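I have placed the structure first, in the form of structure tokens, so that the comments after it can refer back to it.
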Amino acid sequence: QAQLAESGGGSAQAGESLKLSCVVSGFMPRRNFMAWFRQAPGKEREGVAAVYLGNDRAYYGDSVAGRFAIALDNGQRTVYLQMDSLKLEDTAMYYCVADLLTDYDYPLAPNAQYTYWGQGTSVTVSS
């Protein structure tokens with residue numbers, strides 16, 4: 001059973017950068033997508049970025065496109081989320097997820113289902 005462990009969250013001021021990491025441990029029988037989702041207090045879960053492990057194609061949510069970048073490393077066992085030009089509205093709990101169970105065309109859909117979830121790492125952006 002695979003486990004995901006996020007790190008790198010914290011506090012930043014608007015305009016600054018943070019980099020999140022997610023390390024996969026254990027066996028993952030199906031390797032298709034890894035992604036980052038976030039959820040702010042009182043808001044719906046939002047897909048931030050995803051990467052298809054077959055060809056490293058990246059997908060981004062509209063609110064982060066051009067500011068965030070997802071990347072793989074370590075034989076695809078580590079996924080990063082580079083977050084630049086942070087905004088107040090980026091404040092949320094960020095979750096690393098893996099193994100998409102639903103439509104491969106929409107890895108960041110609000111109702112996308114993933115098998116594996118990390119515990120989350122908190123990001124707070126202040127002015």
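All values reported here derive from a predicted model rather than from experimental measurement.
Applying the side chain to side chain donor-acceptor pair (under 3.5 Å) rule to pairs touching residues 7-17 yields Ser17-Asp84, sequence neighbours excluded. Residues in residues 28-80 take part in no disulfide bond (SG atoms under 2.5 Å apart) pair, two or more places apart or across chains. Among pairs with a residue in residues 33-90, none fulfils disulfide bond (SG atoms under 2.5 Å apart), at least two apart in sequence or across chains. Sorted by first and then second residue, the salt bridge (charged side-chain N to carboxylate O under 4.0 Å, His left out) pairs involving residues 49-61 (not counting sequence neighbours) form an empty list. The stretch residues 42-74 participates, sequence neighbours left out, in no disulfide bond (SG atoms under 2.5 Å apart) pair at all.
Cluster annotation: Phe37 is not connected to Val48 through the hydrophobic network of ILVMFWY side chains, with a link wherever side-chain heavy atoms come within less than 4.5 Å. Val51 and Val23 fall into different hydrophobic clusters, where Ile, Leu, Val, Met, Phe, Trp and Tyr side chains are chained together by heavy-atom contacts under 4.5 Å. Leu53 is connected to Met28 through a chain of hydrophobic side-chain contacts under 4.5 Å among Ile, Leu, Val, Met, Phe, Trp and Tyr, so both are in one cluster. Note on Val123: it clusters hydrophobically with Ile70, by side-chain heavy-atom contacts below 4.5 Å among ILVMFWY residues. Cluster membership check: Tyr59 does not share its hydrophobic cluster with Val79, using side-chain heavy-atom separations under 4.5 Å among Ile, Leu, Val, Met, Phe, Trp and Tyr.
Under a 3.5 Å cut-off, the side chain of Glu44 and the backbone N or O of Pro110 do not form any donor-acceptor pair. Judged by distance alone, the side chain of Arg45 and the main-chain N or O of Gln39 form no donor-acceptor pair under 3.5 Å. At distances below 3.5 Å, at least one donor-acceptor pair connects side-chain atoms of Glu6 with backbone N or O atoms of Gln119. At least one donor-acceptor pair under 3.5 Å links the side chain of Arg77 to the backbone N or O of Gly26.
In this structure the side chain of Phe68 reaches within 4.5 angstrom of the side chain of Leu86, judged on heavy atoms. Considering only heavy atoms from C-beta on, Glu89 stays 4.5 Å or farther from Ser63 through its side chain. Gln1 has its side chain within reach of Tyr116: a pair of non-hydrogen atoms, C-beta onward, lies under 4.5 Å apart. Using a 4.5 Å heavy-atom cutoff, the side chains of Lys87 and Val125 are not in contact.
What you find for Arg67 and Ser85 is that their closest heavy atoms are NH1-O, 2.9 Å. The shortest non-hydrogen separation linking Leu88 to Ser126 is CD2-C, 3.5 Å. Counting all heavy atoms, side chain and backbone alike, Tyr114 lies closest to Ala35 at OH-CB, 3.6 Å. Shown here for Ala49 and Leu81, the closest heavy-atom pair between the two residues is CB-CD1, 3.9 Å.
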Side-chain atoms of residues 92-107: list all donor-acceptor pairs with protein atoms under 3.5 Å, sequence neighbours left out, distances to 0.1 Å.
unit_1: Tyr94; atom_1: OH; unit_2: Arg38; atom_2: NH1; d: 2.8
unit_1: Tyr94; atom_1: OH; unit_2: Asp90; atom_2: O; d: 2.6
unit_1: Asp99; atom_1: OD1; unit_2: Arg30; atom_2: NE; d: 2.7
unit_1: Asp99; atom_1: OD1; unit_2: Arg30; atom_2: NH2; d: 3.2
unit_1: Asp99; atom_1: OD1; unit_2: Asn32; atom_2: ND2; d: 3.3
unit_1: Asp99; atom_1: OD2; unit_2: Arg30; atom_2: NH2; d: 3.1
unit_1: Asp99; atom_1: OD2; unit_2: Thr115; atom_2: OG1; d: 2.7
unit_1: Thr102; atom_1: OG1; unit_2: Gln113; atom_2: N; d: 3.0
unit_1: Asp103; atom_1: OD1; unit_2: Asp105; atom_2: N; d: 2.8
unit_1: Tyr104; atom_1: OH; unit_2: Asn32; atom_2: ND2; d: 2.8

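Exactly one of Leu20, Val64, Leu108 qualifies for a side chain to side chain contact (heavy atoms under 4.5 Å, CB included) with Trp36. That residue is Leu20.
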